[in-house]
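This report refers to the structure that appears directly beneath it.
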Amino acid sequence: MTREYHNPVLLNESVDGLNIKNDGVYVDVTFGGGGHSNEILKRLGESGKLFAFDQDEDALGNAIDDPRFQLINQNFRYLNQFLKFYGIREVDGILADFGVSSHQFDEAERGFSIRFDADLDMRMNQNNDLSAFEVVNNYAQDNLAGVLFQYGELRKANAMAAAIVQTRKEKPIKTTQELKKVLAPFLPKGKENKILAQVYQAIRIEVNQEIEALKEFLLQVPKILKKSGRLSLISYHSLEDRLVKRFIRDGKFEGSAEKDFYGNVNVPLKKVGGLIVPSAEEIALNSRARSAKLRIAERI
């Protein structure tokens, strides 16, 4: 069954960035509704190959019937492992769109959206044990505050965590509506949705271990990309974008780029062009595109 997904963000720009070869091997590590994958297949020749990853079982309903295509129901943090399973050691290009899919936001029972009341879930892989319920009800106060501050960049993270812990002593916080009620004192008029979005983002990132998965994925890229192979990455919040930008520039997440004996910077990637953001026209058609940032890199 094909599920309803919205238009992919920065579609042409991100696929253009791959500089697709007729007979190349490519990977779309965030398949979702298949929008980016379909565009890649349009540009591939008969001998080309496209692998796609998605940990959400709902995405399997969008699998593309094409002999050049293979969909893998796994998190992209296992990129190298599963490509090797299919006999692939190197690829010509990798595309990733790190945003939560519109489908996930629009499925009320998944608990991703502030618009609906639902059980606290937020799992992209619905087979995982860790859910938003576990984070909200079982994390120690300091750990919960750390999640809200680090991943949501919330100034009142400590007070919010204290309020959550105090409330759950009486009974578990089971739904998104119950969580909103607990946080109501921290939601100034006119900023309710903005702050709630930050809270949801923080919990979602923790539930799905998104930052750890992104780091693991990026560290594999230089080993998998062929020389002159392209990387096309779309981020939606500053935490992701900073990691992507830093890795492209320095080949690592902390410290300075490595240098050779002569003092020349020794990094695996070089950026291609500058930062690309959606046009006003695209944002008008899809409001979720407004925070998207595309960075393109090439294997040196």
Side-chain angles (χ1 to χ4, degrees), residues 10 13-30 36 40 43-44 48-53 72 74-99 150-151 153 205 208-277 291-300:
L10 291 166
E13 295 89 342
S14 60
V15 178
D16 287 346
L18 294 176
N19 196 22
I20 289 177
K21 299 176 182 176
N22 198 51
D23 60 349
V25 178
Y26 294 89
V27 190
D28 175 358
V29 300
T30 49
H36 290 104
I40 292 170
R43 306 188 192 192
L44 269 181
K49 185 72 177 177
L50 173 63
F51 292 87
F53 283 71
I72 300 167
Q74 289 289 339
N75 190 305
F76 55 66
R77 73 197 304 173
Y78 305 118
L79 176 66
N80 188 38
Q81 176 184 339
F82 280 90
L83 288 180
K84 281 184 178 178
F85 176 80
Y86 285 95
I88 303 298
R89 299 282 174 175
E90 292 183 313
V91 301
D92 295 282
I94 301 170
L95 182 146
D97 178 340
F98 297 121
Q150 184 178 359
Y151 298 149
E153 300 177 296
I205 288 173
N208 297 289
Q209 300 293 292
E210 293 176 34
I211 299 302
E212 291 86 349
L214 174 57
K215 288 181 176 180
E216 289 178 26
F217 160 69
L218 289 172
L219 288 170
Q220 295 173 68
V221 165
K223 303 171 189 174
I224 295 171
L225 265 187
K226 292 179 182 177
K227 187 175 181 180
S228 300
R230 290 288 188 87
L231 182 65
S232 193
L233 303 177
I234 304 170
S235 305
Y236 291 82
H237 57 75
S238 58
L239 298 172
E240 290 172 341
D241 186 56
R242 282 197 296 265
L243 286 174
V244 168
K245 181 181 179 181
R246 186 77 182 270
F247 190 76
I248 291 173
R249 186 187 69 199
D250 298 332
K252 53 173 62 175
F253 307 116
E254 295 178 358
S256 301
E258 294 179 6
K259 295 182 179 180
D260 64 18
F261 179 77
Y262 301 100
N264 299 310
V265 173
N266 184 17
V267 294
L269 303 169
K270 66 177 181 181
K271 71 174 184 177
V272 176
L275 178 67
I276 300 171
V277 297
S291 58
K293 294 180 178 179
L294 169 63
R295 297 186 187 274
I296 299 166
E298 184 173 291
R299 180 74 167 92
I300 298 172

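The chain is numbered in sequence order, starting from 1.
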Practice task
Could you tell me whether Lys252 atom NZ has more than 12 heavy atoms of other residues or ligands within 6.0 Å of it?
Solution key: yes
Exercise for the section: State yes or no: are the ring centers of Phe76 and Phe98 separated by less than 6.0 Å? Expected result: yes
Problem - Side-chain touch Phe217/Ile94, heavy atoms, less than 4.5 angstrom - result: yes
Problem - Working for side-chain contact (heavy atoms from CB on, under 4.5 Å), residues Arg249 and Val267 - result: CA-CA 8 Å; Arg249 186 187 69 199; Val267 294; over 6 Å; no
Exercise for the section: Ignoring hydrogens and angles, tell me if any N or O in the side chain of Asn75 forms a donor-acceptor pair with the backbone of Arg77 under 3.5 Å. Expected result: yes
Exercise for the section: Taking the side chain as every heavy atom from C-beta outward, state whether Glu240 and Glu210 have any pair of such atoms under 4.5 Å apart. Expected result: yes
Handout entry: Closest non-hydrogen atom pair between Ser14 and Ile234, with its separation
Key = CB-CD1, 4.0 Å
Practice task
Search all heavy atoms of Tyr26 against all heavy atoms of Asn19 and return the closest pair with its distance.
Solution key: OH-O, 3.9 Å
Problem - Arg246 side chain to Gly255 backbone, donor-acceptor under 3.5 Å - result: yes
Practice task
Assess whether side-chain contact (heavy atoms from CB on, under 4.5 Å) is satisfied between His237 and Ile205, documenting all intermediate values.
Solution key: CA-CA 11 Å; His237 57 75; Ile205 288 173; 3.5 Å; yes
Handout entry: Main-chain N/O of Ser256 paired to Asp250 side chain as donor or acceptor, under 3.5 Å
Key = no
Exercise for the section: Using atom types as modelled and distance alone, determine if a side-chain donor or acceptor of Asp97 lies under 3.5 Å from a backbone N or O of Gly99. Expected result: yes
Handout entry: Whether over 12 other heavy atoms sit under 6.0 Å from Phe85 CZ
Key = no
Exercise for the section: Specify the closest pair of heavy atoms between Lys227 and Ile300, including all atoms of both residues, with the distance to one decimal. Expected result: CG-C, 4.0 Å
Practice task
May I have the step-by-step check of side-chain contact (heavy atoms from CB on, under 4.5 Å) for Glu153 and Ser238, ending in yes or no?
Solution key: CA-CA 10 Å; Glu153 300 177 296; Ser238 58; 3.3 Å; yes
Problem - Nearest atoms (heavy-atom pairs only) where Asp28 meets Leu50 - result: N-CD1, 3.9 Å
Practice task
Identify the two heavy atoms, one from Ser232 and one from Leu294, that lie closest to each other, and give their separation to 0.1 Å.
Solution key: OG-CD1, 3.4 Å
Exercise for the section: Answer yes when Asp16 and Arg43 have at least one side-chain N-carboxylate O distance shorter than 4.0 Å, and no when they do not. Expected result: yes
Problem - Whether over 12 other heavy atoms sit under 6.0 Å from Glu258 CD - result: no
Completion exercise
Heavy-atom closest pair (Asp92 atom, Gly24 atom, distance to 0.1 Å) is OD2-CA, 3.2 Å
Exercise for the section: State whether Asp241 and Lys245 are salt-bridged, where the test is any N-O pair (Lys NZ or Arg NE/NH1/NH2 against Asp/Glu carboxylate O) under 4.0 Å. Expected result: no
Practice task
Taking the side chain as every heavy atom from C-beta outward, state whether Leu214 and Leu239 have any pair of such atoms under 4.5 Å apart.
Solution key: no
Practice task
Please answer whether the main-chain N or O of Gly17 pairs with a side-chain N or O of Arg230 as donor and acceptor at a distance below 3.5 Å.
Solution key: yes
Practice task
Please state whether the rings of Phe82 and Phe53 are parallel, tilted or perpendicular, taking 30° and 60° as the class boundaries.
Solution key: perpendicular
Practice task
Carefully, step by step, assess Leu225 and Val91 under the rule side-chain contact (heavy atoms from CB on, under 4.5 Å).
Solution key: CA-CA 5 Å; Leu225 265 187; Val91 301; 4.2 Å; yes
